[in-house]
Number of protein chains: 2
Amino acid sequence: MNDVARLAGVSIKTVSRVVNDEPGVHEQTARQVLAAIESLGFRRNMGARNLRQGVTTATVGLLLEDVSNPFYSGLTRGVEEVARQFGRRVLSASSDEDPVQARELALDFCARRVDGLLIVPAGREQGYLAAEIRAGTPVVFIDRPGGDVTADTVLMDNVGGTMMAVAHLAEHGHRHIGFLGDDPEIFTAAERLRGFREGCARAGIERGAEFAAMGPHDEHSIGTALRAMFDRSVTALIGGNNRITIGLLRVLAGMPERPALIGFDDFELADLLDPPVTVIAHDAKALGHAAAGRLFARIQGDDSPHRDLVLPARLVPRGSGEISP
Amino acid sequence: MNDVARLAGVSIKTVSRVVNDEPGVHEQTARQVLAAIESLGFRRNMGARNLRQGVTTATVGLLLEDVSNPFYSGLTRGVEEVARQFGRRVLSASSDEDPVQARELALDFCARRVDGLLIVPAGREQGYLAAEIRAGTPVVFIDRPGGDVTADTVLMDNVGGTMMAVAHLAEHGHRHIGFLGDDPEIFTAAERLRGFREGCARAGIERGAEFAAMGPHDEHSIGTALRAMFDRSVTALIGGNNRITIGLLRVLAGMPERPALIGFDDFELADLLDPPVTVIAHDAKALGHAAAGRLFARIQGDDSPHRDLVLPARLVPRGSGEISP
DNA sequence: GGCTACGATGACAACGTTGTCAGGGACACG
DNA sequence: CGTGTCCCTGACAACGTTGTCATCGTAGCC
């Protein structure tokens with residue numbers, strides 16, 4: 001800015017005025033300044049500006065499990081869209097479900113003075129965020145609650161969705177149902193398991209006829225779980241998330257059994273498989289929209305009590321869930 | 001920092017020393033400072049630090065077309081991994097293939113003083129970047145060259161990949177092949193079209209027996225194109241990218257014809273469809289790794305001449321491409 | 001002519017941090 | 001006791017901006 005001022009023969013403050021479109025600059029002067037800016041390729045240093053103005057970095061932090069998972073990349077897209085409307089950029093990072101990394105990344109975001117934080121919590125304890133929240137950084141938890149920290153939360157109806165899946169299978173005559181879920185340390189996995197049990201209870205399925213194999217899962221563990229389930233005459237399966245459902249499909253392709261199947265999380269091409277895969281769907285992008293909406297409301301000063309939003313899940317029957325035993 | 005200093009009864013500089021693990025602070029003093037930091041929840045302001053030190057924001061900008069496209073989210077993941085190794089965060093944004101937005105976002109990244117820029121160019125002209133590059137911001141173009149701006153570029157072998165696809169189909173007896181590509185304004189689409197034509201020429205397919213329908217495409221335009229192609233006895237198709245291939249599959253599901261099919265870009269579940277989809281595969285994450293690797297080399301001072309890297313594509317035969325006419 | 005009003009511009013401080021350098025106390029040595 | 005050395009600490013400036021306030025010149029008015 002100094003250089004620009006010197007070249008244009010004005011003071012640095014006048015350059016600042018031009019850059020900020022402030023009124024009260026002679027048109028001729030402004031032209032000179034603009035010419036100098038152009039020829040020097042000057043670009044205002046946002047860091048310094050933020051420092052001086054003291055408020056916003058026009059950035060929000062998004063911490064999730066893995067960007068390359070379609071569920072999270074859809075979510076990211078949703079967040080990005082809202083952020084752009086509010087003139088913010090999105091700083092994103094993947095925690096890989098590791099609480100230590102998550103903590104480190106979140107604190108790094110805070111040190112960069114993001115305007116707000118969107119977090120898919122990894123692990124049960126988010127205590128380190130309490131100080132940040134007290135300090136005024138708005139936080140919204142996505143997909144899972146913050147555990148020991150209270151803040152706005154946007155969830156999906158994990159329990160209801162899984163219950164729907166069980167009810168649907170029961171309606172089609174299944175009395176022996178298997179559930180393959182993720183590590184129950186993960187909130188959504190635990191909730192879906194709860195929904196599974198509750199659903200079985202409501203459908204009058206005996207305690208001995210519901211089978212749950214919780215993860216983490218790879219194709220090998222899925223294969224093992226499946227064989228055990230088939231041995232106990234399971235005729236229908238529920239995949240606890242998109243990764244597991246796809247793993248299931250891959251393993252099933254190499255086995256003779258053709259059980260009914262419902263997956264939690266919709267995924268691309270589910271409708272083109274044979275049979276098309278019935279899923280419990282929810283909208284990742286909408287989740288991003290909702291969470292970012294909440295965050296920007298907070299950023300703009302909304303200080304109403306914390307709100308928990310639960311987005312509905314819906315059953316999309318496509319064929320695989322309508323197979324009778 | 002002031003508050004911490006006051007509470008600990010030391011000067012602000014000593015706090016700075018403690019925060020930066022500088023040597024020469026009495027252990028007792030350091031403990032007091034740490035206690036004060038803890039009790040006040042102090043977190044160093046990175047913006048101010050960067051301003052003072054004048055160098056790095058520990059951030060790189062990643063500008064792509066759409067994060068929610070699996071190709072780009074895989075790429076993002078690759079970039080993120082390398083960035084983390086180098087202690088950087090990733091600021092990402094989607095341009096939606098709109099040159100105006102791309103320009104705006106890229107300049108915004110520059111104003112934030114990112115350490116480097118990874119760009120999937122939208123549109124043919126990247127001239128606005130020239131000034132930034134001169135000013136010392138390293139730029140790496142991904143997936144498409146920068147057009148009027150020269151900088152490191154990491155591409156995939158679009159021409160070679162498409163030629164491979166054509167050759168593969170020709171080997172299986174096809175003499176009438178259709179290519180559904182994206183808008184030829186997009187570099188990759190134009191290159192793949194070129195590969196298609198070149199491949200046909202080499203396979204001895206007559207000029208009148210190759211059909212190209214360039215996009216942008218939706219299911220409707222794909223349907224129209226397909227009917228026209230079938231009318232001219234096309235027996236094999238190439239999908240120009242993951243979106244188009246999936247659109248093709250969806251449209252074909254509602255038609256009686258079962259042509260051979262090869263898709264450019266691998267996609268999840270391609271192996272589980274019926275028939276499994278043969279694709280030209282390349283590794284989006286590897287693309288991200290390579291590009292980020294280049295960028296960090298530049299950031300760390302590598303000033304060798306610009307390099308163009310072309311990552312290989314490979315044909316993954318799965319069934320759909322091995323159907324004979 | 002002397003006054004105010006106003007438009008254009010600049011000097012200076014401040015944002016939160018760190019690099020430089022100087023100060024002060026303790027200790028050893030001559 | 002004076003001097004030099006080492007360790008610890010603090011005062012101050014600077015990074016690139018912008019907000020506040022002062023200054024200057026000119027025009028308009030009585």
Side-chain angles (χ1 to χ4, degrees), chain A residues 1-37 40-59 107-115 132 135-137, chain B residues 1-37 40-59 107-115 132 135-137:
Chain A
M1 214 176 217
N2 242 316
D3 302 343
V4 174
R6 204 171 316 123
L7 179 59
V10 298
S11 85
I12 181 179
K13 175 65 211 192
T14 299
V15 177
S16 169
R17 272 191 262 264
V18 173
V19 171
N20 291 312
D21 267 338
E22 280 176 41
V25 178
H26 197 81
E27 195 184 333
Q28 163 95 29
T29 317
R31 261 201 304 276
Q32 280 170 26
V33 171
L34 287 173
I37 287 178
L40 265 56
F42 166 81
R43 204 86 57 198
R44 167 174 62 192
N45 182 327
M46 286 291 266
R49 174 174 225 255
N50 293 332
L51 180 58
R52 177 64 236 252
Q53 312 216 109
V55 274
T56 170
T57 52
T59 308
L107 291 182
D108 178 281
F109 284 161
C110 291
R112 288 161 190 272
R113 295 293 189 275
V114 293
D115 295 344
E132 303 302 333
T137 308
Chain B
M1 214 175 215
N2 243 317
D3 301 343
V4 174
R6 203 172 316 125
L7 180 59
V10 298
S11 84
I12 181 178
K13 176 67 211 190
T14 300
V15 178
S16 169
R17 273 191 261 265
V18 173
V19 171
N20 291 310
D21 266 337
E22 279 177 41
V25 178
H26 197 81
E27 197 186 332
Q28 164 94 27
T29 317
R31 261 202 302 276
Q32 281 170 23
V33 172
L34 287 173
I37 287 178
L40 265 56
F42 166 81
R43 204 88 55 196
R44 166 173 64 191
N45 182 328
M46 286 291 266
R49 173 174 225 254
N50 293 334
L51 180 58
R52 179 65 238 253
Q53 311 216 108
V55 274
T56 172
T57 52
T59 308
L107 290 182
D108 178 278
F109 283 161
C110 291
R112 289 161 188 271
R113 294 293 188 277
V114 293
D115 295 344
E132 303 301 335
T137 307

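Values in this document were obtained by computation on a predicted structure and should not be read as measured data. Each chain gets a letter, A, B and so on, in the order its sequence line appears, and its residues count up from 1.
In plain terms, the two heavy atoms of Ala58(B) and Arg112(A) that are nearest each other are O-NH2, 2.9 Å. Ala8(B) and Ala36(B) get closest at one heavy-atom pair: CB-CB, 4.0 Å. Scanning all heavy atoms of the two residues, the minimum distance from Val114(A) to Thr57(A) falls at CA-OG1, 3.6 Å.
When the side chain to side chain contact (heavy atoms under 4.5 Å, CB included) test is applied to Ala111(B), the partners found at least two apart in sequence or on another chain are Arg43(A), Met46(A). Not a single side-chain hydrogen bond (donor to acceptor under 3.5 Å, both in side chains) links Thr137(A) to another residue, sequence neighbours left out. Taking Asn45(B) as the reference, nothing meets the side-chain hydrogen bond (donor to acceptor under 3.5 Å, both in side chains) condition, with sequence neighbours excluded. Partners of Arg49(A) according to the salt bridge (charged side-chain N to carboxylate O under 4.0 Å, His left out) rule, which considers only residues two or more places apart in sequence or in another chain, do not exist here. With sequence neighbours left out, Arg6(A) forms a side-chain hydrogen bond (donor to acceptor under 3.5 Å, both in side chains) with no residue at all.
Listed by residue number, there are no residues of residues 24-37 of chain A with a heavy-atom contact under 4.0 Å to DNA chain D. Residues from residues 3-11 of chain A placing a heavy atom under 4.0 Å of any atom in DNA chain C, listed by number, are Val10(A), Ser11(A).
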Side-chain donor/acceptor pairs under 3.5 Å, residues 25-34 of chain B, sequence neighbours excluded:
from	atom 1	to	atom 2	distance (Å)
Glu27(B)	OE2	Arg31(B)	NH1	3.2

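Panel note: side chain Arg44(B), backbone Asn20(B); no donor-acceptor pair is recorded below 3.5 Å.
Within the structure, salt bridge (Lys or Arg N to Asp or Glu O under 4.0 Å) pairs that include any residue of residues 7-21 of chain A do not occur (at least two apart or interchain).
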Check the interface with nucleotides 16-18 of chain D: list each N/O to N/O pair with the protein under 3.5 Å, or write none.
from	atom 1	to	atom 2	distance (Å)
dG16(D)	N2	Ala48(A)	O	3.4
dT17(D)	OP1	Asn45(A)	N	3.0
dT18(D)	OP1	Asn20(A)	OD1	3.2
dT18(D)	OP1	Asn20(A)	ND2	3.0
dT18(D)	OP1	Arg44(A)	NH1	3.2
dT18(D)	OP1	Arg49(A)	NE	3.0
dT18(D)	OP2	Ser16(A)	OG	2.6
dT18(D)	OP2	Asn20(A)	ND2	3.2
dT18(D)	O2	Arg52(A)	NH1	2.2

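Over its full length, the helix from dG1(C)-dC30(D) to dG30(C)-dC1(D) turns its helical axis through 70°, comparing axes from the five pairs at each end and rounding to 10°.
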**Prompt:** Once each nucleotide of nucleotides 22-27 of chain C is scored for protein heavy atoms under 4.0 Å, what B/S/- sequence comes out, 5' to 3'?
**Reply:** ------
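Between the CG atom of Asn2(B) and the CG atom of Leu7(B) there is a distance of 12.0 Å, given to the nearest 0.5 Å.
Residues Thr59(B) and Arg113(B) have side chains not in contact (no heavy-atom distance under 4.5 Å, counting atoms from C-beta outward).
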